[in-house]
Number of protein chains: 2
Amino acid sequence: MIQSIDRAAKILGLLQGSRRLGISEMAAALDLPPSTVHGIVKSLQSHGFVAQQPSGNRYVLGPALLKLSSVYLDTLDVRARSMRWMHELSRRTGLASRLGVESFGEVIVIHHDRRPDGTEQMPETGVTIPSHVSAMGKVLLAYDAAHAADVLSRPLPSLTAETTTEPDLLREEFEQVRRDALGYENEEAVIGESSVAAPICAEDGEVIAAIAVVMPSNAWPPTAAVLDDLREAARNISRELGAPTWPPRPPAPGQD
Amino acid sequence: MIQSIDRAAKILGLLQGSRRLGISEMAAALDLPPSTVHGIVKSLQSHGFVAQQPSGNRYVLGPALLKLSSVYLDTLDVRARSMRWMHELSRRTGLASRLGVESFGEVIVIHHDRRPDGTEQMPETGVTIPSHVSAMGKVLLAYDAAHAADVLSRPLPSLTAETTTEPDLLREEFEQVRRDALGYENEEAVIGESSVAAPICAEDGEVIAAIAVVMPSNAWPPTAAVLDDLREAARNISRELGAPTWPPRPPAPGQD
DNA sequence: AAGCCGATTCGACAATGTCGAATAGACACT
DNA sequence: AGTGTCTATTCGACATTGTCGAATCGGCTT
């Protein structure tokens, strides 16, 4: 692990958490001399990874990150294959759909197709959601014992009154997910918002992503028609990716 | 400039250009020993900035970039303020709208509102376009002599038959932009696609972003109604940001 | 099975980043 | 306006740290 790169990454992580920071604030947070932090920040700045606001001495994340992330998205085969099916899914259900993958114990949304009702909606691509409060997260964990064990080994934050923070309850949910090939989440992340997710399999049969539809909680539970559309989309995407079966064959029945 | 951070950034830049690279390919491109590159790549990997594909020994950009970019977008005041007006603009004109800022001599799209016709459209947020082939780029350069001089000092790539690569012609276009507060681009970036852009001003009156509508070239030239809607959107956003005047007062009449 | 190519590991060296002190600059308070 | 404090920034000496070359490992092809 190269020290200065590690520190640079930590600085970016810091700026991710609290939007605008001065050199000395970062130095205090990382317990480093300000001059060291300054050197790193200036290097990051010269490549556009951080920028300093016009208002002077505070730093924020920079535009180079956006350009890189755009290329990152382009490299994702799942995403390219999914877009057309997700659009169809949103059109048929009238709901927003999301595609997510696992990243460092969270779910990161790699594509988002809005509700087709013409209202203004925030783009959600790039948003991360703790796995245990997300329907997609539950699906991804249910088919990945290693990540599941990792996530459940740490304390689980509670985001709403409905959040499940009990590892054993989540383990039961994972079993249900493996049975139905569907994961649910009812106001566990955001009040008033619920979602259902299904797994997406790659060529080797592994679950590599999850697709979800998001609905207002007053439309809960989802109708059979919505679930069918969701399953259909997941199956079609998986087939395009060359998956041998769908629903995925559950992994060896170990404990997660 | 910290060496290892500089090298890390160059590696990310390399991966940005050619999606999948092995250690030795990067080493060759940067003229460094493979072991050095390996150390840097592994450090980047441990923070999620690069990932290696399941298929073995090739590296690609990683998901951490997406998460960071999402926070970057959230820090942009212009973007938050623009979204609602852009949605209105797209609704009224029936065209896709874009918001862009300058970054390292290019325009980077920081928000994109699709055509409201329900068809499937690629998300364009994060896409970068060379300034001289973009209506937004021309607007941004017209009001920023320093950047303009910088961009024009380098050879300008030609993307289509319509691309203007002659610095003097572009300088004339900049003058027209400053007169009309509108910049044009007709099939200069992508064949079959044209756009018009208007400047957005911040509190201090500086042009900090550009807003554009994109249309199929057979809808060229844009109608007066479209231009009015565009101007209206730019004016409204600028006003929300606290700009003293719109259209912006052109800068001191130096040569760019 | 052998050979090749690339990724990866390891250890010694010195180049490099780090740190503390000194400087410069911004801002608030008197 | 002047003074004080806070912060960012610059600079140079030191030794820590990253770098490099050689050796090892692993996969794939012939």
Side-chain angles (χ1 to χ4, degrees), chain A residues 1-64 75 202-206 242, chain B residues 1-62 64 75 202-204 206 242:
Chain A
M1 182 71 44
I2 292 176
Q3 190 186 49
S4 60
I5 292 181
D6 189 48
R7 290 173 170 181
K10 290 211 176 85
I11 287 174
L12 292 175
L14 233 47
L15 288 168
Q16 183 176 81
S18 31
R19 275 76 218 269
R20 295 140 220 274
L21 292 173
I23 296 285
S24 51
E25 289 172 298
M26 306 184 214
L30 296 177
D31 197 25
L32 288 172
S35 57
T36 301
V37 173
H38 181 255
I40 296 170
V41 169
K42 280 298 169 192
S43 299
L44 289 172
Q45 180 174 216
S46 78
H47 289 280
F49 294 119
V50 306
Q52 52 190 339
Q53 351 213 90
S55 33
N57 50 15
R58 295 193 103 72
Y59 291 86
V60 294
L61 295 175
T75 62
E203 206 164 358
D204 55 3
E206 290 297 298
Chain B
M1 182 71 44
I2 292 176
Q3 190 187 46
S4 59
I5 293 181
D6 190 48
R7 289 173 171 180
K10 290 211 176 84
I11 287 174
L12 291 175
L14 234 46
L15 288 168
Q16 183 178 80
S18 32
R19 275 77 218 269
R20 294 141 220 276
L21 292 172
I23 295 285
S24 51
E25 289 173 297
M26 304 183 214
L30 296 177
D31 199 24
L32 287 172
S35 58
T36 301
V37 173
H38 181 254
I40 295 170
V41 169
K42 280 298 169 191
S43 299
L44 289 172
Q45 181 174 214
S46 78
H47 288 280
F49 293 119
V50 307
Q52 53 190 339
Q53 349 215 90
S55 33
N57 48 16
R58 295 192 104 73
Y59 292 84
V60 293
L61 295 175
T75 61
E203 207 164 357
D204 55 1
E206 289 297 298

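Hydrogens, waters and symmetry mates play no part in the numbers below; they use all other heavy atoms, side chains included. Sequence lines set the chain letters: A, B, ... in the order given, protein chains first and strands last, and positions in each chain run from 1. Computed from a predicted structure; not experimentally measured.
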Inset, instruction - Between A:N57 and A:I40, just flag the one whose closest nucleotide in DNA chain C comes earlier from the 5' side. - result: A:I40
Inset, instruction - Answer yes or no: does a side-chain N or O of B:R7 lie under 4.0 Å from OP1 or OP2 of D:dG18? - result: no
Legend entry - B:Y59 side chain near C:dT8 phosphate (N/O to OP1/OP2, under 4.0 Å): yes
Inset, instruction - Find the distance B:I5:CD1 to C:dT18:C1' and express it as a whole number of Å. - result: 12 Å
Legend entry - Heavy-atom side-chain contact between B:L15 and B:M26 under 4.5 Å: yes
Inset, instruction - Side-chain contact test, heavy atoms from C-beta onward, threshold under 4.5 Å: evaluate it for B:R58 versus B:E25 and give yes or no. - result: yes
Inset, instruction - Rounded off to whole Å, could you give me the CD1-to-C1' distance for the A:I2 and C:dT18 pair? - result: 15 Å
Inset, instruction - To the nearest Å, give me how far apart NZ (B:K10) and P (D:dT19) are. - result: 12 Å
Legend entry - D:dT16 to D:dG12 separation - P atoms, rounded to the nearest Å: 22 Å
Inset, instruction - Kindly say if A:T36 contacts the phosphate of C:dC19, meaning a side-chain N or O under 4.0 Å from OP1 or OP2. - result: yes
Legend entry - Whole angstrom value for the distance that separates P of D:dT10 from CE of B:M1: 12 Å
Legend entry - Earlier contact from the 5' end, DNA chain D, for A:Q3 and A:R58: A:R58
Inset, instruction - Using atom CD1 of A:I23 as one end and atom P of C:dA26 as the other, report the distance to the nearest whole Å. - result: 16 Å
Inset, instruction - Measure the shortest side-chain to side-chain distance between B:L12 and A:F49 over non-hydrogen atoms and say whether it is less than 4.5 angstrom. - result: yes
Inset, instruction - Please report the shortest heavy-atom distance between B:A64 and B:H47, naming the atom on each side. - result: CB-O, 3.3 Å
Inset, instruction - Calculate the interatomic distance between A:L32 atom CG and C:dG20 atom P; express it in whole Å. - result: 10 Å
Inset, instruction - Determine whether any donor atom in the side chain of A:S35 lies under 3.5 Å from an acceptor atom in the base of C:dG20, or the reverse, and answer yes or no. - result: yes
Inset, instruction - Ignoring backbone atoms, test whether A:H38 places a side-chain nitrogen or oxygen under 4.0 Å from the OP1 or OP2 oxygen of D:dT9. - result: yes
Inset, instruction - May I ask you to evaluate whether A:S24 reaches the phosphate of D:dA8, defined as a side-chain N or O under 4.0 Å from OP1 or OP2? - result: yes
Inset, instruction - Return the value, rounded to whole Å, for the distance between atom NZ of B:K42 and atom C1' of C:dG6. - result: 13 Å
Inset, instruction - To the nearest Å, give me how far apart CG (B:L21) and C1' (C:dA7) are. - result: 14 Å
Legend entry - Check: B:Q45 and B:Y59 side chains under 4.5 Å, non-hydrogen atoms: yes
